[in-house]
Structures are given as structure tokens and as C-alpha cells.
Amino acid sequence: MTRGRKPLPRETLALRDTLRKDRERPASVIGEAIKPDEVHERCQVSGLKSATDRARKIYWSTVRKVAGQGMLDPAFCQQLLIYAIELDLLMKCEEDIRKNGMYLVVEGKKGTFVCPNPAVKQLHNAAEKVLKIGSNFGFSPVDRQRLKAQAEDPKAKGIKAIFAAIVADEGEETPDEQ
């Protein structure tokens with residue numbers, strides 16, 4: 001869960017006369033890609049401070065990678081944070097499995113039992129989420145080819161095609177304007 005109050009839109013703050021320049025976040029327009037030199041100013045998301053150091057390093061490296069490809073929209077930063085946290089969890093589970101093994105020996109009142117390590121199930125769940133989110137950003141060669149094909153195909157159903165259609169609709173004059 002996020003901490004603190006939900007950020008208010010600029011318009012609401014202006015109406016209340018509480019809009020301050022030092023607290024202002026850069027305005028983000030959907031479809032507007034973040035440039036690599038703007039990453040640190042525009043990709044500060046809630047939950048980043050509560051993430052582990054390794055998750056923060058993963059987050060910033062993936063944000064830079066996606067921004068370098070010209071695919072980073074401000075709306076995607078939260079999704080990349082989830083990706084980083086899940087990848088960190090996956091690495092922790094791998095370490096636990098290396099240390100304790102796939103099965104744990106548990107001694108109880110009725111004797112000794114062998115049960116599966118709970119880290120195995122967490123590892124599978126985290127891997128599933130990491131692969132699913134990573135495929136949206138082209139982190140594997142197959143996903144890069146799929147994204148490239150979507151970008152080249154004007155009829156493709158992707159976020160770039162939607163934004164291109166919106167821009168095309170805005171450029172046309174309506175019958176009332178003529």
C-alpha cells in the first residue's frame with residue numbers, strides 16, 4: 001500500500017491556491033516518453049523508499065534501460081517498481097533454496113517430517129510475475145521482436161498504435177469547425 005495522501009492534480013491545487021513551485025512534480029502526459037536524462041526527476045514513485053537496496057538498484061537500471069529504448073512512459077514507472085521488487089524476491093528465494101535445499105526436515109512431536117521449502121513456491125510465483133512484466137518491456141529477444149512488429153504495424157493493438165490514432169484524430173477537423 002502507498003503511504004501518505006494521494007497526490008492531487010495540478011488544477012485542484014491551483015483552485016485551492018496551494019500550488020507551490022517547490023512541491024510541484026513534472027506534468028506527465030500519457031504517451032509522452034521520458035528521456036534518459038529526465039529519469040531521476042520523473043520516475044520517483046511511491047514505494048521506492050520501502051524497497052530493499054537491491055530492488056532500488058534493479059529499478060533504476062531497468063528504468064534507464066527502458067528510457068534508453070524510448071519506451072518509458074511515466075505511467076509505467078510503478079509497474080517497473082513491482083518488477084524490481086519481484087526480481088529481488090526471486091533472488092532471495094534462490095539464495096534460501098541454495099542454503100536450505102528444496103525440502104526441509106522438520107522435527108515434531110510425532111517424529112521427523114520432510115516438507116517442501118516454502119521458498120520454492122514463492123520463487124515460482126515471483127518468476128511468473130517477473131516474466132509477465134518483463135515481456136511488456138521487451139526484456140527477452142522474443143519480446144523485443146514482438147514489440148518491434150507492433151511498432152512497425154499501424155494496425156497493431158499496442159499503446160503506440162493507440163496514441164498514434166489519438167494524435168491522428170486530433171489533427172482532423174470536425175464538421176463543426178469547417
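Because the structure is a prediction, the values reported are computed rather than measured.
- For residues 84-99, every residue pair satisfying the side-chain hydrogen bond (donor to acceptor under 3.5 Å, both in side chains) rule, not counting sequence neighbours, is listed here: Thr52-Asp88, Arg54-Asp88, Arg54-Glu95, Asp96-Asn100, Asp96-Asn117.
- Looking at Leu104 and Val114, their side chains never come closer than 4.5 Å, going by heavy atoms from C-beta outward.
- Contact between Ala127 and Leu90 at its shortest, heavy atoms only, is CA-CD1, 3.3 Å.
- One distance of note links OG1 of Thr62 with OH of Tyr83; it measures 7.0 Å at 0.5 Å rounding.
- Residues passing the side chain to side chain contact (heavy atoms under 4.5 Å, CB included) test with Lys65, sequence neighbours excluded: Gln69, Phe139.
- Heavy-atom minimum distance, Ala51 versus Ala55: CB-CB, 4.0 Å.
- The structure places CG of Leu48 at 8.0 Å from CD1 of Ile85, a figure rounded to the nearest 0.5 Å.
- Listed by first and then second residue, the ring-ring contact (aromatic ring centres under 6.0 Å, His included) pairs involving residues 36-58 are His40-Trp60 (not counting sequence neighbours).
- Rounding to the nearest 0.5 Å gives a distance of 11.0 Å between CD1 of Ile82 and OH of Tyr59.
- Applying the salt bridge (charged side-chain N to carboxylate O under 4.0 Å, His left out) test to residues at least two apart or on different chains, none of the pairs has a partner in residues 105-115.
- Atoms CD and SG, on Gln78 and Cys43 in that order, are 11.0 Å from each other to the nearest 0.5 Å.
- Taking both residues in full, the closest heavy atoms of Leu89 and Ala126 are given as CD2-CB, 4.2 Å, listed atom of the first, atom of the second, then distance.
- Residue Leu87 holds its CG atom at 14.0 Å from NZ of Lys57, rounded to the nearest 0.5 Å.
- Sorted by first then second residue, the ring-ring contact (aromatic ring centres under 6.0 Å, His included) pairs that include residues 90-122, not counting sequence neighbours, number zero.
- Checking side-chain atoms of Arg56 against main-chain N and O of Lys49 turns up a donor-acceptor pair under 3.5 Å.
- In this structure, CG on Leu81 lies 11.0 Å from CD on Gln44, to the nearest 0.5 angstrom.
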